[in-house]
Every structure is written in C-alpha cells, then in structure tokens.
Amino acid sequence: MSGGFDPLVPRPIDLPTEVPLDADLTAGELAETFDEAKIFAAPGSLADPPDAATLDQWRSQLRSWRAGAHRRYGSPSRYDRPEAQWTAQCFTVAQVWLWDELFFDFEAQCFTPQRFLADAQARFGGLDGIVLWHAYPIIGIDDRNQWDFYDVPGLAEAAATLHAAGVAVFVDYNPWDTGTRRAQGTDAEELSAVVRHLDADGVFLDTMKKADPEFVAALEAARPGIGLEGESKLVTERIGDHALSWAQWFADSEIPGVLRARWFERRHMQHHIRRWNRDHGAELRSAWLNGVGMMVWEVVFGVWVGWNSRDAATLRRMLPVQRTMHSWLTSGEWTPLAVCAPPVFASAFELDGVTLVTLVNTSGEDVTYRTAGSGSWLALHEGDGVAHPGAVTLTVPAGGVAAVVQIADGVTCPAEVTHLAKVLAGEPAVLDASFPHRRARRLSPPLWSGQQADPEIVAGLHTGAVAVPAGEQVLTVRHRQRETGMYDGAPYVEEWKPLPPRLHDQRTLERAVTIGAGVHVGAREVSAADYARFLADLGETGDGDGSNGSEVAPSTASDTAPATGVTFARARQFAAWASGRLPTEDEWQLAAAQDGFERRTPAVWNWTESEFSDGRTRFVMLKGGAEHRSEGSDWYVDGGVQEPEFALKFLLPGLGVDASPSIGFRVCWDLAEEDAQ
C-alpha cells in the first residue's frame, strides 16, 4: 500500500453513486449527481432490502435523470444507422495477443484463428468480437512504432477468417506511443489505414475514455459504423459517438445497481472487466442484470489469469439468451430490480407481451425460486421447454444466473424463445471456482541438423570466452514491475487497480540456480561479419548494406558491430552451427560479472537460452540492455544499458517480428562437451 491507497479496495471514484430519493431534486441537481456515475447504487442492503415503494421512488429518479440527460445531450442517432447496429449485439469480446499460442502456431509460423475460436466456443459459448493486441508490452525495444507491429504477413487473412465466423475485429490504438519512429501521417490517418487493411469493425482506445470528435470523424470515414470502445467510464455526452465502453473497475452496490451508460442508451454496449480477478461472478451478475457483455481476457500481456470453470459456465448460460433476445435487452421496457428478494435479484425486460426475467443469486448456495404473476411461464435454463400457466419453479445456482420468460395471456411465445429453452436445457451450472493454474516451463532449442562451421571460425568465436564454473549459485535479479510479470504467476491478484509505484517500480528477487558441468560464454556478442559468414555458409548471402549484419557478404559486414536484426530462432541456429548454444540468462549474468566479458558497440540486448511457455504465451529473458531508448511513456520497454542483474521478460512474437536492431546474441559452449571432444 502506498500513499494510503489499498490496491485491494475500490477507490472513491470507483464506488457506485447513491441515488437520492428526494423527489424535490431539480434537474440540475440530478445532472450533477448522476452524469459522472459509473453505477447507480441500488437502495437498501442485503440485510435491509428496500420495500416496493422505495424501489418505485428509486426507479422514478433514474427515469427523471435519463429524460433530463436526453434533453441535455440529445438521443444518440448513430445507433439508428444500419452499419452501426452490430455493436449492440457484441456481447462477448476477447483481448488476444497476436502471438497467443492458441492464435498462432510457432512451429508452423502461421496464425490459427480457427483454433482460438474453437476453444472459446467450447468454454465460453463463443465470441462476438476479438481485440487483436499487437505492440505493448514489447514496443519500445527499438524505434518501430505501433503501426509497424500491425504490418505482419497473414494478419489480414486471419482477420478475414474471424469475419467469416461472424466475429467482429477490433484493433488497438496506443495514444501514448509518441517516442518511436514518426509515421508520415497523423495517428488518425495511420490508424485509418490499419482499419482499412484489416477491414476492422472497431477500435479499442487503450488508456483513453474517449476520442476527440475529429479523430472519430476520420475513423468513421475509414469504416462507416465503426465501433469505438474506450477504457473505463465514458462521459454521458460522448455515448452518442462511442458505441461501446469498458465497465472496468466499476464497484457495485451490495444489491446490484444500474450501469449509467446503459441506462442512458440501451443500445450502448458495455463490457465488464476486472483483469486481475480470478472470480468474475460479480461482473457476470451485473452484466446479466443490465443486459450488457463481458470482456474475456485470460492472458494479460503475457500473464495467465484464466477463467475458472464456474464463471465460464455462467457465461455459456448467458450468451444464448442475450444473443437470441437482444431486442428485449435493447428495446424492451426495462424494470431494474423487478425481483428484490435477497439473495435473488432480477431485471425484467418486457416486449410485446413477452417478458424476459434475468435472475441472479448473490449467495454461495443454490436457491429455489418460484415465479409469481399472471400468464404463462417458461424456464429457460431448466425444465421441458414448455410454457406453464400460473408459475414455474427453478433453481438459481450459487453465485450464478438463470432466466425465465413470462408470456401474457393471449400472446404467442416467439418460436426462437421456445427453441432457446430447449437448447439451454443442456447447459447446466458448474460449481468449480478453483483457479486453473498454468506453469511456465523452459523450452529446449530444436536440434540442429545443418552443417557445422569451420573449426577455425569456432575457435575465433571461442577466443577469450569467459568460464562459468559448475556449482550452485544464488542470483539477485532486478526488473521493472510491469503487467508482464516475470517467471510465473500474475504480478497482481484480485487487485482493484494497480497504480504507480506498484505498476512501474523497480523490483528485486533471488533465484537459486545450478550450473551443471560449467560453461564458456562468448566474451562478446557475435559480430555482423560472423553472422554474414554463417549466412554465406548456408548459401543465403545477400546484397544488403550490412546495417544489421544480415544478408550481406562477409567482406562488407562489420567485424566490430554486433549482429542484430536476427530472430531468436536464427540466433539459436547460429549457436548450433558454431558447435554451441545460447547462454541461459543465469550463465550470461554470471559471466558478465567476470573479467573478460565485453559489450560490442552499439550495446544491444542479448538473446538467451531462456525461452519459456505456459501453453499460451512464449517469452524469452533478455539481458544487458541496449543503447536505444524510447522516451515519453512508462509503457515502453526498458531502454538504456542495464546492469548484469537486470532481466527483461520479452514476449516472443513470430514471423520475424522478434528480429530487432536492439537485440544481438553471444554463444556459449558446455565444458563437458568440449572435454569430450
């Protein structure tokens, strides 16, 4: 805790807004109280729930505010446009790192969107949209800007595959990217080009609540009906041109309340998200009662925070109802807290004599609920798929959701609703809320089947190598705390919103390591000329200018500058060609502490034989730092030359994106193998 801030407790600005029940409040007083709310708090408490009269008065105040807000800001017209109406049905969206191992196959080096969608269908009930996350947290490693990280072969085809499956494609905009290579056009022009190239449906506004009107107009010209989704609370006046928003870090009242943006404009889509939570029950229940969606984010910038089985099953129970009965959620007469019988609460959405009742249970035990009222009742999540006159009894699972439909006398239940009840009968609740841990494991390099370098070349590379003896060591490792975490586990668990200094401060940890038979670590990085000889030996000599040490003739490549622009895979191949391997991060650090260890000029990060995977994210530990530094934002990769103790967790991209002018490598030889020779 720093400066009195407790990361496990909502901040005052995150708390729900109390609704004064004084009917004499003026329109101005209502506006001042409500226009900036995240959630309108429900009256009463679980121990002292409100009576019917109090609930009526509470709803009346909400209606009064909404009428006044529409007079102040107008009724948003963009939602009437056919090309913009897709957003109102975008109930579930996933954040996806382009190189997530479900979305990208590292062995085949190709995107696999079908595999990602199949997993989401099986566990969550499918996706309506995907945010293709591209640059952070590796942007800043060199001068490439955010647009460069979308310039990836095969990505447009992957986006087309998502579209063919009926999934909307969002791209990400980083307004804080001001310290990398400047593009020829403005941000709006560059982002519009990405939108056109990928045929993107929407834009996620990273770190932004809203975009400037001129920015919105430029994107609208690139893709009419484009969906803009800001991070966290959207002001009421901008709901008119931002069709979606995150409900991030929204603290609810004890009795679930009403989302202000959704109440103002029923077609505005919000996505609940608490990125570090292992329990999404409260978000799911709020989404269910408010008729909005969820953000599924299981890999937060390289850290596994996967959904538990109970919450995934809850979403599977919700989505078929929301997708089939979206008209009720956007156009029906909404009565919040139509049921207020702790621990069971419900919203009612009535359309043409058919009322959808969305029920939640805030307790840890299943609750049996019996409907009350006229007409016929159709239980959606259990029963025989038949509407019964008078009443039905159903179970609202512990911490979960259920739904029932009321059909007024003389009204025919729509066929799609009857079919929905039959489909949902096979979607039971799940009680297992345990966290599905994933452990990162170190990956071994692939076997090298190519030719070996001439012994004289190997001897030259080996000259002056630093010996790291066998034995056990305790190493101090320093790193900057970022959302990427380090080796295993999330850097923040169930935290509300990590703020500086917790978000960006320097951290120290200790690691116990064992060096087996001892190693020799190259005294300096492989030179550009060394790498050019490797390419020539493989018959890949090019006619480049030697600026990054690749694809050039040995006679023109530098003997002093480090080889850069080399992918991790290629660096491994070079090391194997030289009868060695890359040093691990530990071997690199131990060697760097000894005499004879040198850095070439310019200084660059070093690849290490420390590749890890948890099955969703691959990362490599980089050592040494680089002279390059991207200035202007804490979100950039650490710049500058670093002490040997410093380590950078670098998420590994594919298709050559990992090659950087700021990353080189050196070779390591195992002493046991040298002795055997």
Q89 versus D128, side-chain donor and acceptor atoms under 3.5 Å: no
Polar side chain donor-acceptor pair, R478 to T508, under 3.5 angstrom: yes
Cation-pi geometry met for R666 and F597 (6.0 Å, 45°): yes
For [X] versus [Y], what's the shortest heavy-atom pair and its separation?
X    : Y    : value
G485 : V303 : N-CG2, 3.8 Å
A165 : L117 : CB-CD1, 3.6 Å
T584 : T608 : C-CB, 3.9 Å

Tabulate below the donor-acceptor pairs under 3.5 Å that side-chain atoms of residues 437-447 make, not counting sequence neighbours, or state none.
residue: R438; atom: NH1; partner: D614; partner atom: O; Å: 2.7
residue: R442; atom: NH1; partner: E609; partner atom: O; Å: 3.1
residue: R442; atom: NH1; partner: S610; partner atom: OG; Å: 2.9

H280 NE2 to R274 CZ distance, which is reported to the nearest 0.5 Å: 10.0 Å
Atom pair CG/NZ of L234 and K210 - distance to nearest 0.5 Å: 8.0 Å
Residues which pass side-chain hydrogen bond (donor to acceptor under 3.5 Å, both in side chains) with Q146, listed by chain and number, not counting sequence neighbours: none
Salt bridge present between R480 and D634 (N-O < 4.0 angstrom): no
Presence of salt bridge, R511 and D586, under 4.0 angstrom: yes
So, does [X] use its side chain to make a donor-acceptor pair with the main chain of [Y] at under 3.5 Å?
X    : Y    : result
R310 : S434 : no
Q109 : L655 : yes
D311 : N308 : no
E611 : V620 : no
N174 : D177 : no
Q473 : V513 : no
T112 : Q114 : no
R599 : G624 : yes
Q95  : V299 : no

Taking the side chain as every heavy atom from C-beta outward, state whether [X] and [Y] have any atom pair closer than 4.5 Å.
X    : Y    : result
L651 : P137 : yes
R581 : E587 : yes
F250 : L259 : yes
D172 : Y150 : yes

From W133, F204, F215, Y136, residue fulfilling ring pair (Phe, Tyr, Trp, His ring centres under 6.0 Å) relative to Y173: F215
Of W588, F665, F568, the residue whose pairing with W607 passes ring pair (Phe, Tyr, Trp, His ring centres under 6.0 Å): F568
Inter- and intrachain pairs under salt bridge (Lys or Arg N to Asp or Glu O under 4.0 Å), touching residues 112-124, at least two apart: D119-R123, R123-E298
Residue pairs, two or more places apart or on separate chains, that pass salt bridge (Lys or Arg N to Asp or Glu O under 4.0 Å) and touch residues 131-154: D142-R144, D148-R181
Test side-chain contact (heavy atoms from CB on, under 4.5 Å) applied to E494 - qualifying residues, sequence neighbours left out: N277, R278, D279
Ring-ring centroid check W176 Y636, cutoff 6.0 Å: yes
What side-chain donor-acceptor pairs closer than 3.5 Å can you find for residues 242-249, not counting sequence neighbours?
residue: H242; atom: ND1; partner: R238; partner atom: O; Å: 3.3
residue: H242; atom: NE2; partner: A211; partner atom: N; Å: 2.9
residue: S245; atom: OG; partner: H268; partner atom: NE2; Å: 2.8
residue: Q248; atom: OE1; partner: R275; partner atom: NE; Å: 3.2
residue: Q248; atom: OE1; partner: R275; partner atom: NH2; Å: 2.8
residue: Q248; atom: NE2; partner: E231; partner atom: OE2; Å: 3.0
residue: W249; atom: NE1; partner: W496; partner atom: O; Å: 2.2

W297 and F301 aromatic ring geometry - parallel, tilted or perpendicular at 30°/60° bounds: perpendicular
